[in-house]
**Q** 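One structure, pasted below without further comment.
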Amino acid sequence: SAAFSQAFIDMPRPERPLNVAVIGAGLAGLSCAKYLSDAGHKPIVLEARDVLGGKVSAWQDKDGDWIETGLHIFFGAYPNVNQMFTELGIRDRLQWKSHSMIFAMPGQQTADGFQRFSRFEFPALLPAPLNGLVAILLNNEMLTFPEKIQFGIGLLPAILFGQKYVEECDSLTVSQWMKKQGVPDRVNDEVFIAMAKALNFIDPENLSMTVVLTALNRFLQETHGSKMAFLDGPPPTRLCQPMADYMLERGGELRMEQRISSILLNDDKTVKGLKMQDGSTVVADAYVSTMPVDILKLMLPQEWKPMPYFEKLNGLNGVPVINIHMWFDRKLTTVDHLLFSRSPLLSVYADMSLTCNGYRDDDKSMLELVFAPAKDWIGKPDEAIIEATMEELYRLFPNELNKDGSGAKLLKSAVVKTPLSVYEATAGRELYRPVQTSPISNFFLAGCFTKQKYLASMEGATFSGKLAAKALSDAAIAGTIPLEKAASAVAA
Ligand code: FAD
């Protein structure tokens, strides 16, 4: 990824910098804009909302506490995101945790009544894949030795046939794959329900096996692949603003609260301009959409809809998810890490008062919890969601929370619903993911749903933006972007 970044700086300088309208200031849009500016172009980022970040956006409540769209974890196996932190000079903002994966054991308690956790510890001195194998072999609380062996045998084709096999497995859900490979149901129930909910907010009966194998592949191939980090504060100020500043310092533009309402076309179906909600029009030499796929589909001009490239977007849909914040009057846990809840309604959670310096509190806990699958809950009132979450927390914190109110008290809560978040990675979706170069010569796509090898994630979004910037810069050098039309439109 460092070499890929350098390639933008080393590119032949364009005859004149292209004005590129980048729609959306999420990670894909900001990454695209950053690398376009490295290649000598002028990005103009148009963001609908008054906050940067899209699905990593965050804002303050009336008390000044931060509310986040999602609990976000960075992995060692995120080369482009880690490279971005390096290039922006903000690597110290990533707070790396011990190399472990920690699963809650709901309903099980230690001798002194506290919640039990089961840990997979990756030994620091061993390289991949040995560190992962030792982590799995040394954990005997969740899986028996024969179950681990059966799962290991099931994984052999992935190890032997690599990426080709990983991609072929997109036709199967996680549950179907487990059955086919003869892996015991308990492996699914003990580990993969939690894993599937963490990876895509859905259950293993629906999730594509390609998603799990892609993650496992990275974790088993890279020594620090599964190491996790928390950002040291809210993503808009700690990550997105530095990304925006980088391109602003190099002549780029950022226009907030600028929602595009339609894409205007020339007779040859290339983009003529963007109609904005306030009635104005934005004209550029080239355009990159980083809007989420559900919004992009609504925005497609009639003339583009029958084209196979755009038609297949109909195979992608956002998945609902809910992010919950709960402030308690005392500390509920001392675990400074991400926790897999393994409970029916919740996916992962963390005590952000410990994991994140920016939210540090030595006396109280602020739990951030991902509520998934959320399809049956997304339409319910916040109070009902908090009540159901509390029921799960009584089992997760048997010693600290009591139904009679004698334990820790909930001071306040905040519920953030995202009805259409990342694309739902059910079996067979890979075919529908579009590459960054579209059949329209001055229109490119980025966003975590577009084709790249890192799933729908912060890494996927950042990498997709970089790929779109590369495709566009190459097209500019090759002279395939129709510049005269844009120039005359600007003049007009
Ligand atoms: P977005 O962030 O959706 O950006 C699109 C932007 O386009 C938005 O800013 C939007 O406002 C703007 N836009 C939309 N319409 C218009 C319009 N008409 N005009 C102008 N602008 C417009 N990933 C991880 O790697 N690790 C995690 O732990 C993790 N946890 C998550 C937890 C939750 C609850 C959620 C919701 C997501 C999580 N993700 C995680 C996924 C990650 O957040 C996304 O994959 C990534 O942020 C998507 O970035 P993007 O730029 O592709 O899209």
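In listed order, ligands and their atoms are each counted from 1. Sequence positions, counted from 1, serve as the residue numbers for this chain.
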**Q** Flag the pair Tyr349 / Phe340 as yes when their ring centroid distance falls below 6.0 Å, and as no otherwise.
**A** no
**Q** Verify whether the ring centers belonging to Phe74 and Phe85 lie closer than 6.0 Å.
**A**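 Close enough - the centres of the two rings lie under 6.0 Å apart.
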**Q** When you measure from atom 23 (N) of ligand 1 to every protein heavy atom, which one gives the shortest distance, and what is it?
**A**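 Closest protein heavy atom to atom 23 (N) of ligand 1: Met458 N, 3.4 Å.
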**Q** Scan side-chain atoms only and decide if Thr355 and Asp336 contain a donor-acceptor pair under the 3.5 Å cut-off.
**A**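 No pair is found: no donor N or O on one side chain lies under 3.5 Å from an acceptor on the other.
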**Q** For atom 22 (C) of ligand 1, which protein heavy atom lies nearest, and how many Å away is it?
**A**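 So the nearest neighbour among protein heavy atoms is Ala48 CB, 3.7 Å.
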**Q** Any N or O on His72 sitting closer than 3.5 Å to an N or O of ligand 1?
**A** yes
**Q** With heavy-atom distances below 4.5 Å as the criterion, would you say the side chains of Pro236 and Gln241 are in contact?
**A** no
**Q** Considering only heavy atoms, does Val422 approach ligand 1 within less than 4.0 Å through its side chain, its backbone, both, or neither?
**A**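 The side chain, only.
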**Q** For Tyr246, is the NZ or CZ atom of Arg250 found under 6.0 angstrom from the centre of its six-membered ring and inside 45 degrees of the ring axis?
**A**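 Yes, Arg250 sits over the ring of Tyr246.
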**Q** Using the ring centroid of each side chain, check whether Tyr423 and Tyr432 are separated by less than 6.0 Å.
**A**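 No, the ring of Tyr423 stays outside the 6.0 Å limit from the ring of Tyr432, centre to centre.
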**Q** Find all atoms of ligand 1 within a distance of less than 4.0 Å from any non-hydrogen atom belonging to Ala456, and give their numbers and elements.
**A**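 It comes down to these atoms of ligand 1: 45 (O).
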**Q** Checking contacts here: is it the side chain or the backbone of Met299 that comes within 4.0 Å of ligand 1, counting heavy atoms only? Could be both or neither.
**A**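 For Met299, only side-chain atoms sit under 4.0 Å from ligand 1.
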**Q** Test your reading of the structure: does Phe201 have an N or O sitting under 3.5 Å from an N or O of ligand 1?
**A** no
**Q** Say whether Ile295, considering both its backbone and side-chain N or O atoms, lies within less than 3.5 Å of an N or O atom on ligand 1.
**A**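 There is no such contact.
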**Q** Is there a nitrogen or oxygen of Lys55 sitting under 3.5 Å from a nitrogen or oxygen of ligand 1?
**A**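 Yes - when backbone and side-chain N and O of Lys55 are compared with those of ligand 1, one distance drops under 3.5 Å.
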**Q** At what distance is the nearest protein heavy atom to atom 4 (O) of ligand 1, and which residue and atom is it?
**A**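 Heavy-atom neighbour on the protein nearest atom 4 (O) of ligand 1: Gly26 CA, 3.6 Å.
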**Q** Checking the N or O distance criterion of under 3.5 Å, is ligand 1 in contact with Pro292?
**A**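 Such a contact does not occur with ligand 1.
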**Q** Look only at the side chain of Arg238 and the backbone of Asp232, and say whether a donor-acceptor pair between them is shorter than 3.5 Å.
**A** no
**Q** Quick one about Thr210 and Glu167 (side-chain donor to acceptor, distance below 3.5 Å, no hydrogens or angles considered), yes or no?
**A** no
**Q** Less than 4.5 Å apart, side chain to side chain, heavy atoms only: is that true for Met299 and Ile23?
**A** no
**Q** Is any N or O atom of Ala28, backbone or side chain, closer than 3.5 Å to an N or O atom of ligand 1?
**A** yes
**Q** With a 4.0 Å heavy-atom cut-off (strictly under), which part of Leu71 contacts ligand 1: side chain, backbone, both or neither?
**A** backbone
**Q** Of the backbone atoms (N, CA, C, O) and the side-chain heavy atoms from C-beta on, which set of Leu46 has a member under 4.0 Å from an atom of ligand 1: side chain, backbone, both, or neither?
**A**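 Leu46 to ligand 1: backbone contact only, side chain stays beyond 4.0 Å.
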**Q** Judging by distance only, is a nitrogen or oxygen of Tyr78 under 3.5 angstrom from one on ligand 1?
**A**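 Tyr78 vs ligand 1: N/O contact under 3.5 Å present.
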**Q** Is any N or O atom of Glu47, backbone or side chain, closer than 3.5 Å to an N or O atom of ligand 1?
**A**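 There is such a contact, yes.
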**Q** Decide whether an N or O pair under 3.5 Å exists between Val56 and ligand 1.
**A**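 Between Val56 and ligand 1, no N or O pair is found under 3.5 Å apart.
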**Q** Mind checking whether Gly53 has a heavy atom under 4.0 Å from ligand 1?
**A**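 So Gly53 counts as touching ligand 1.
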**Q** Among all protein heavy atoms in this structure, tell me which lies nearest to atom 28 (O) of ligand 1, with the distance rounded to 0.1 Å.
**A**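 Result for atom 28 (O) of ligand 1: Ile73 N, 2.8 Å.
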**Q** Identify the residue among Phe219, Phe75, Phe122 that makes a ring-ring contact (aromatic ring centres under 6.0 Å, His included) with His99.
**A** Phe122
**Q** Regarding Glu368 and Asn323, is there a side-chain donor-to-acceptor distance under 3.5 Å anywhere?
**A** yes
**Q** Using a plain distance cutoff, I'd like to know if Cys448 has any nitrogen or oxygen under 3.5 Å from a nitrogen or oxygen of ligand 1.
**A** yes
**Q** Assess the pair Tyr287 and Phe443: is the distance between their ring centroids shorter than 6.0 Å?
**A**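 They do not qualify: ring centres at least 6.0 Å apart.
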**Q** Show the atoms of ligand 1 that are less than 4.0 angstrom away from any heavy atom in Arg49.
**A**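 Those of ligand 1 that fall under 4.0 Å from Arg49 are 11 (O).
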**Q** For atom 19 (N) of ligand 1, grab the closest protein heavy atom and report residue, atom and distance to one decimal in Å.
**A** Ile260 N, 3.0 Å
**Q** Looking at Lys97, I'd like to know if its NZ atom is crowded, meaning that more than 12 non-hydrogen atoms belonging to other residues, nucleotides or ligands lie closer than 6.0 Å.
**A**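 Yes, enclosed.
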**Q** So which bit of Val321 gets within less than 4.0 Å of ligand 1, heavy atoms only: side chain, backbone, both or neither?
**A** side chain
